[in-house]
Structure formats: C-alpha cells, structure tokens
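Right, one structure below, let's go through it.
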Amino acid sequence: MSDFEAACDAGSPASHGSPTRVESDALGDVRVPAHVHRGAHTARALDDFRVSGARCRTR
C-alpha cells in the first residue's frame, strides 16, 4: 500500500475522512479521495514527490 493510500485509509487531513474511489491509468489502479477533482496521475505524483507547500517569494 502506498503512503497516499495509507493516508486515505487513516482518514488523515489529506483525505478529510471521505471515502475513496479507484482511478486507473497505464500503471494500474490507485485509490484517490472521492471528494477531489484529480485522477491517478496526480495521486501518484503526490505520493512519489514530496510537496512541501512552501511558496516562492515574488518580486
């Protein structure tokens, strides 16, 4: 089970305690929170690449 799927199962803030749905792509099935408007590619990217939420300062 991926970190993303574990977070969904745990009802973490990432999933907001909502149910999940299964999205498919060329690599297979991946579970994503049902309330989000993203698919398997984004779920895999969020799991594979740690996103800090830090913003770059603008001039």
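Because the structure is predicted, anything quoted here is derived from the model rather than measured.
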Side-chain touch T42/E23, heavy atoms, less than 4.5 angstrom: no
A34 backbone acceptor or donor facing R21 side chain under 3.5 Å: yes
Closest non-hydrogen atom pair, G39 against V32: O-CG1, 3.9 Å
Side-chain heavy atoms of V30 within contact of R44, under 4.5 Å: yes
Inter-residue atom distance L27.CG - H41.NE2, 0.5 Å rounding: 7.0 Å
